[in-house]
Amino acid sequence: MTVARIPPIQCLLTFEALARLRSVTLTSEELCVTPSAVSHRVKQLEQIIGTKLFGRADFSLTVEGSEYLAHVREGLATLQKFPTSAATPGKRKLRLAVTPTFSRSILIPRLRQFTDVYPEIDLTLQVSIPLLDVVAEDADLIVRFGAGRYADLEYICLIKDVVTPMASPAFVREHGPFESPQDLQNLPLLRSPLEPWRTWFAANGQDWPEPSEGSQFNDIGLMCDGAAAGMGIGLIRLKLGAPWLENGSLVRLYENDVPSPHAHYLCWRTGAMDRWEVAAFADWLKKSVG
């Protein structure tokens with residue numbers, strides 16, 4: 001006897017959302033997955049049931065798709081009535097791996113909002129620095145900083161930022177005023193592999209090479225602390241450097257900002273979003289920092 005294969009729940013949820021929203025972009029945003037994941041799940045569902053669900057580029061349903069959608073919605077509605085609290089008593093555990101300065105500057109100041117809304121979720125925060133291979137292998141969600149190419153993970157972009165040179169007020173009084181990029185010559189430039197200076201140099205018409213001397217930091221927060229202590233000038237992202245700017249320990253040298261070539265991404269392994277606590281945190285974080 002051949003047993004019919006039951007489609008994965010994420011495929012059914014994606015089909016229902018795409019049929020309702022008629023947009024891959026909106027569906028990916030609602031489900032916190034990439035647009036390519038939306039397309040992949042719909043194709044997988046069509047292969048499993050052996051029926052084409054969408055007939056046109058505007059995502060209008062075929063006759064079979066309309067009939068199947070009714071069954072899918074009925075099934076999802078039945079599942080929503082299941083007494084999940086009785087089936088899974090106690091708090092739900094969620095493990096989050098975060099980069100240090102993102103956690104300190106962006107996540108922690110907002111985290112009380114999440115815990116107030118979801119008291120039934122216990123969060124475990126772990127430090128992750130992929131650049132140094134310090135990663136949390138068992139994390140449910142991972143915040144990474146980079147170019148956004150993670151072949152083994154699904155991901156969404158959380159925050160894009162701009163960079164600008166910053167230094168302590170005392171350093172500016174001693175070495176300023178800063179009126180043009182040339183004023184940076186022969187001054188100590190703090191270095192980090194996370195934020196190369198050539199991005200800012202090129203945007204400001206300078207063909208200077210990447211600094212090869214000077215104090216180097218593998219964490220932007222440490223570089224902010226170093227700049228605030230008068231060690232030199234740091235190329236710092238505005239959103240991550242906000243706490244130092246707000247307390248006056250750092251000041252901007254110029255008004256022009258340059259987009260950082262990298263961004264913060266929220267990443268997860270395929271299937272993680274099937275857990276409601278993972279999906280709830282991903283949705284909250286995206287809306288909170290967006």
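Please read all numbers here as calculations on a predicted model, not as lab measurements.
Classification of the W276-Y118 ring pair by plane angle, with boundaries at 30° and 60°, yields tilted. Using cut-offs of 30° and 60° on the angle between ring planes, the pair Y68 and F15 is tilted. Between H175 and F171, the ring-plane angle classifies as tilted under the 30° and 60° cut-offs.
Across all non-hydrogen atoms, the minimal contact from L158 to V289 is O-CG2, 4.0 Å.
In this structure, K93 pairs ionically with D122, as a charged nitrogen and a carboxylate oxygen lie closer than 4.0 Å. E120 and R92 are not joined by a salt bridge, as no carboxylate oxygen comes within less than 4.0 angstrom of a charged side-chain nitrogen. A salt bridge links R95 with D138: at least one charged nitrogen is closer than 4.0 Å to a carboxylate oxygen.
Heavy atoms from other residues, nucleotides or ligands lying under 6.0 Å from CG of N247 number more than 12. Other residues, nucleotides and ligands contribute at most 12 non-hydrogen atoms within 6.0 Å of the CD atom of E74. For D116, the CG atom is densely surrounded, since the number of other residues' heavy atoms within 6.0 Å is greater than 12. Summarising the local packing, CD of E213 is surrounded by 12 or fewer heavy atoms from other residues, nucleotides or ligands at distances under 6.0 Å.
Proximity of T124 to L96: side-chain heavy atoms (C-beta onward) are nowhere separated by under 4.5 Å. Counting only heavy atoms from C-beta outward, the side chains of P209 and R198 never approach each other to under 4.5 Å.
S260 and E195 form a side-chain donor-acceptor contact under 3.5 Å, judged by distance and modelled atom types alone. Counted by atom type alone, D219 and T101 present one or more donor-acceptor pairs between their side chains at under 3.5 Å. T51 and E46 share no side-chain donor-acceptor pair at under 3.5 Å.
Between the side chain of S105 and the backbone N or O of F102, no donor-acceptor pair lies under 3.5 Å.
Relative to the six-membered ring of F145, R237 meets both conditions, a distance below 6.0 Å and an angle of at most 45° to the axis.
Hydrophobic clustering (ILVMFWY, side-chain heavy atoms < 4.5 Å, transitive): L194 and L189 are in distinct clusters.
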